[in-house]
There are 2 protein chains.
Amino acid sequence: MQRNQNITELELYIKSYFEIASSKDLHSITSLFKLATIKKGEFLLKPGKHCQSLSFVQSGLLRMFVTTNDKEVTQWISKQGYFATDLSSFIFETPSRWTIQALVDTEVYTITKNDYKKLGDIVPKWAEIEKLFLVRCFTLLEDRIFSHLSMTAEERYNFFFENHKELFNQVPLQYIASMLGMTAETFSRIRKKQLM
Amino acid sequence: MQRNQNITELELYIKSYFEIASSKDLHSITSLFKLATIKKGEFLLKPGKHCQSLSFVQSGLLRMFVTTNDKEVTQWISKQGYFATDLSSFIFETPSRWTIQALVDTEVYTITKNDYKKLGDIVPKWAEIEKLFLVRCFTLLEDRIFSHLSMTAEERYNFFFENHKELFNQVPLQYIASMLGMTAETFSRIRKKQLM
DNA sequence: GTAATTTCTTGATTTTTATCAAGTGCTCTA
DNA sequence: TAGAGCACTTGATAAAAATCAAGAAATTAC
């Protein structure tokens, strides 16, 4: 029962985005994802390693970041219903550039590279589903670039706040600041302004 | 002869990035792309339209941009060996967000949505090639976001200059400035500094 | 529950970048 | 070849954002 309920998030996700998938296909896909728990502070991926898995966040939060000489840059925070991986490393089997770390105890449905490769054989429409998924991701990144070309820090703050309110009291704000391309101080001042 | 030489760029591209494709597959793919010429100033795509085609630049330059109330934002400039399309519109058949316009007379190899759909049936490994292509694009965008999270305007200028020198005397510089997320004035000042 | 650590805020200051306003030079065209 | 439009530069100024330095507040560890 608990098990069924857990799998629901991932199934729901695929179902809602890819109507294309039949119930049978849906089950073929999700059954290859294994539930795992990552404790707060633990790492799902470290830079230089080959990323061997693709994870779907069932609950909790994962942060993807890079540490350069002087500073740490947060690229993305995956909340419930989002995926986390170093896509390039996962697909091309190159060394990973990102660190992925749990911000809180996090439940993930994880598929290994090996099982991932099987999907094409098992699920007739997998190629199509995968394509649609990748294009969706591509478009999100395109939008994010656009936000840096056309918006001020304050506009990016507001836009992100509208779409991810719940993160603002679950995540150290410095990480959101970094992800939006501003310092923690600037973030703090914008935040104050918006709350008044 | 001329014809053979022309097709080469696209074939070379696919060949060099996707070793996976056999000569036969290669020809199946490229033969669906039709050569077309877009005169300087003409449009390949206008916002609101459904993007019906994917184009590969054989020679010339295409600019992808958005016009908002107050300003025009250049998202990308496709030079020889690059593709141009509104990917989201092309795949999901939604209204396009971008304008794509030729900066100079431009030769493109273009495939229609209809023909594109056939590729999966004609080329056994198409799904794999397409996936690799999309992941490559995804990674480029990821890098671009990272550049906005971690670099100053000057660093972005230098990085782009290193990788796309030839654009600097082929394209109105204001477009490159916009694409890098800075004003034409800032771009001009950085440029002066680098030339001295 | 208290100390230690981390996160967040605030103020002062500097740096970066945008904006505004001219002016120069180039290119295309008639 | 004159002149109309662009594209680019330059300077002065304003605005945005970063940096530096304390402190306050919250969280974690003991």
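Worth knowing before you read on, the calculation uses all heavy atoms, side chains too, and leaves out hydrogens, waters and symmetry mates. Here the structure is a predicted model, which is why all the values come from computation and not from measurement.
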Novice: Send over the distance from B:L103 CG to D:dA7 C1', rounded to a whole Å.
Specialist: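 Interatomic distance, CG of B:L103 to C1' of D:dA7: 13 Å.
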
Novice: List the atom pairs, donor and acceptor, that lie under 3.5 Å between side-chain atoms in residues 112-119 of chain A and the rest of the protein, sequence neighbours left out.
Specialist:
from   : atom 1 : to     : atom 2 : distance (Å)
A:T112 : OG1    : A:D115 : N      : 3.1
A:K113 : NZ     : A:F90  : O      : 2.6
A:K113 : NZ     : A:I91  : O      : 3.2
A:D115 : OD1    : A:K118 : NZ     : 2.9
A:Y116 : OH     : A:E130 : OE2    : 2.5

Novice: For the aromatic rings, using the six-membered ring if either is Trp, is the centroid distance between B:F56 and B:F33 under 6.0 Å?
Specialist: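 For B:F56 and B:F33, the ring centres are not under 6.0 Å apart.
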
Novice: Got a second to check how far A:M182's CE is from B:L149's CG, nearest 0.5 Å?
Specialist: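 Between A:M182 CE and B:L149 CG, I get 10.0 Å after rounding to 0.5 Å.
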
Novice: Assess whether a salt bridge exists between B:K46 and B:D86, defined as any Lys/Arg side-chain N lying under 4.0 Å from an Asp/Glu carboxylate O.
Specialist: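 No, this pair does not count.
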
Novice: Distance under 4.0 Å to a non-hydrogen atom of chain A counts as contact; along DNA chain C, which nucleotides mark the start and end?
Specialist: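 Both ends considered, the range comes out as C:dT7 to C:dA12.
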
Novice: Are B:K125 and B:E128 close enough, and set up right, to give a salt bridge (charged side-chain N to carboxylate O under 4.0 Å, His left out), and what steps lead you there?
Specialist: CA-CA 5 Å; B:K125 286 184 178 160; B:E128 183 69 10; over 6 Å; no

Novice: Can a donor-acceptor pair be found between the side chains of B:E107 and B:T37 at a distance below 3.5 Å?
Specialist: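 Note: B:E107 and B:T37 side chains miss the donor-acceptor criterion.
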
Novice: What residues from residues 151-174 of chain B pass a heavy-atom cutoff of under 4.0 Å to DNA chain C?
Specialist: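 Listed by number, they are B:T152, B:A153.
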
Novice: Can you see whether B:F133 has B:R136 sitting over its ring - NZ or CZ less than 6.0 Å from the centre and within 45° of the normal?
Specialist: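 Output no; distance or angle outside limits.
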
Novice: Can you tell me the distance, in whole Å, between the NE2 atom of B:H148 and the P atom of D:dA18?
Specialist: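 Atom-to-atom, B:H148 to D:dA18, this comes out as 14 Å.
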
Novice: In this structure, is the centre-to-centre distance between the rings of A:F168 and A:Y157 below 6.0 Å?
Specialist: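 Yes, ring centres under 6.0 Å apart.
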
Novice: Taking B:S178 for the side chain and B:Y175 for the main chain, is one N or O donor matched with an acceptor at less than 3.5 Å?
Specialist: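 Checked: no pair found.
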
Novice: I'd like to know if the side chain of A:T106 and the backbone of A:L61 have a donor-acceptor N/O pair within less than 3.5 Å.
Specialist: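 Checking the backbone N and O of A:L61 against the side chain of A:T106, a donor-acceptor pair under 3.5 Å is found.
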
Novice: Does the side chain of B:T74 pick up a donor-acceptor pair with the side chain of B:R63 at under 3.5 Å?
Specialist: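 Distance-only check passes for B:T74 and B:R63.
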
Novice: Phosphate oxygens OP1/OP2 of D:dC8: is one of them under 4.0 Å from a side-chain N or O of B:R191?
Specialist: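 Negative; the distance criterion is not met.
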
Novice: Mark up nucleotides 24-30 of chain D, 5' to 3', with B wherever a protein heavy atom is under 4.0 angstrom from a base atom, S wherever such an atom reaches only the sugar-phosphate, and - elsewhere.
Specialist: ----S--

Novice: Between residues 182-190 of chain B and DNA chain C, which residues have a heavy-atom gap below 4.0 Å?
Specialist: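 Heavy-atom contacts with DNA chain C come from B:M182, B:T183, B:E185, B:T186, B:R189.
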
Novice: Sequence neighbours left out, what passes side chain to side chain donor-acceptor pair (under 3.5 Å) with A:T186? Give chain and number order.
Specialist: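 In terms of side chain to side chain donor-acceptor pair (under 3.5 Å), with neighbours along the sequence ignored, A:T186 is linked to A:T183.
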
Novice: At what distance, to the nearest 0.5 angstrom, does CG of B:L44 lie from OG of B:S53?
Specialist: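 Answer for the CG-OG pair, B:L44 versus B:S53, is 5.0 Å.
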
